[in-house]
Amino acid sequence: MKVFKFGGASVKNADAIRNMCNIISNHSGEKLVVVISAMGKTTNALEAVIAAKLNNRDTEEEIGTIYNYHHTICSELFDENDSIFTTVSEIFDDLRHELVQNYEYNQLYDQIVSKGELISTRIIAAYLNKKNCNAEWLDAREYIRTDNNFREGRIDWRLTEELIRHDIAQKAEDNILITQGFIGRSENNFTTTLGREGSDFTAAIFASCLTAESVTVWKDVPGILNADPKVIPDAILFDELPYKEAAEMTYYGASVIHPKTIKPLANKGIPLYVRSFDHPDEPGTIIHDCKLKVLPPTIIIKNDQCLVSFKVIDYTFINEENLSLIFKSLSEIDMKINIMQNSAISFSIVVDYEFNKLERLLESLKSHFDIRYNTGLKLITVKNYAQEILNKYRNDQRILLEQISRNNYRALIAP
Ligand code: ASP
Ligand code: MG
């Protein structure tokens, strides 16, 4: 059994979907679970629907944009009377129905954004069948079970493993299995999501529960490089990487794989391939149990960062009590700190700018601190740095915050 994962970029238009289906049909002799994200930037577009609703605006314009995008793709892939058009329309009816329910904010978020994956997998499963590549559409929520923590559902591993083991291997005998990344079902039977970009994690969950032979994440890059080739043209491609090194890279923000992906695979010794969907014959990078003699400097850039500074209001110093208030709020809102620093009277953190989370953090702590924040920042991490690289980065006048340890250099840069 193998697990493939295709992200939004690999299914962003009709040509991309045809290419992806070619890759899948080249493996049609194998037992395969294929985990797929929403098409292109659909998740962001669905967030815009929620934003409109929260601002008491009419949501039809935002919904229409998403509908037209998928409709155009379907028109290129199917005949006009194909039943896929009804299937997709029904998901949009469902979306409108969910929008008027009386949900709390995070619950609403998950019921709405999950539609992106449901639509994409319906379209792709139908297209594969049309091309005579037998595919079965599976609802990932029947397998991936979480607690009731919306937007960052925590996996119930025991139940999930039981459900996956129950019938996936057998179903894979007859058909290629197509399912959604990113989504699960809560104890209370609502849809949950696993955190933005969480489809890689879904692939790792299926693989771990099935003790799969491997996971392959198909990307728009040739594999894992030591820098973004769009920024640093002479970036080098890793042929292989140890699990630990890859996990650390994802922690610092290497967007090539989701941070939660490595652990379940490493625990079972399942290799993870990162390969190019544009050059499917090339081997890409394999993440597995190995040792590298030298680790070249690796540059990781995380965009859309937000620096939040909490200043004590009275003349006390930042102390454990203040800190615990801040950490408690962060943990309740599921915000992760990417870097932190304190002075006598203020504590600063750098976090990802995530839809509507910062607002909630400010709201929950404004009576305790004077809070300032900047958005649109860039966090650079140089892992295993060499001196000449440091010199290059440290001269930047726009550095707002800087940290250096024996192996890693990190700097927060203003726009
Ligand atoms: N569609 C979701 C997102 O954009 C999950 C994923 O792509 O992995 O965050
Ligand atoms: Mg994605």
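For ligands, and for the atoms within them, numbers begin at 1 and follow the listed sequence. Hydrogens, waters and symmetry mates are skipped; everything else that's a heavy atom, side chains included, is used. Computed from a prediction, not measured in an experiment: that's the story for all the values here.
Checking Tyr393 against Glu402 by side-chain atom types alone, no donor-acceptor pair falls below 3.5 Å. Counting only N and O atoms by type, the side chains of Gln180 and Thr121 include a donor and acceptor under 3.5 Å apart.
Gly198 counts as a contact of ligand 1, since one of its heavy atoms falls under 4.0 Å from the ligand. Heavy-atom distances between Lys41 and ligand 1 stay at or above 4.0 Å for every pair.
With values rounded to the nearest 0.5 angstrom, Ile36 atom CD1 is found 12.0 Å from Thr202 atom OG1. How far CG of Asp220 is from OG of Ser276: 8.0 Å, rounded to the nearest 0.5 Å.
Annotation: Lys5 places no N or O atom under 3.5 Å from an N or O atom of ligand 1; distance criterion only. The N/O atoms of Asp200, backbone and side chain alike, include none that comes under 3.5 Å of an N/O atom in ligand 1.
Taking the six-membered ring for Trp and the full ring otherwise, the centers of Tyr67 and Phe92 sit less than 6.0 Å from each other.
Near Thr43, the atoms of ligand 1 lying under 4.0 angstrom from a non-hydrogen atom of the residue are 1 (N), 2 (C), 3 (C), 4 (O). Each of the following atoms of ligand 1 lies closer than 4.0 Å to a heavy atom of Ser37: 6 (C), 7 (O), 8 (O). Taking every non-hydrogen atom of Phe182 and a distance limit under 4.0 Å, the qualifying atoms of ligand 1 come out as 2 (C), 5 (C). Within ligand 1, the atoms closer than 4.0 Å to a non-hydrogen atom of Arg196 are 3 (C), 4 (O), 9 (O), numbered from 1 in the order shown.
At a heavy-atom cutoff of 4.0 Å, ligand 1 is contacted by the side chain of Glu117 but not by its backbone.
Note on Asp147 versus Arg154: salt bridge recorded, some NZ/NE/NH1/NH2 to OD/OE distance being below 4.0 Å.
A donor-acceptor pair under 3.5 Å is absent between the side-chain atoms of Asp110 and the main chain of Phe150, judged by distance alone.
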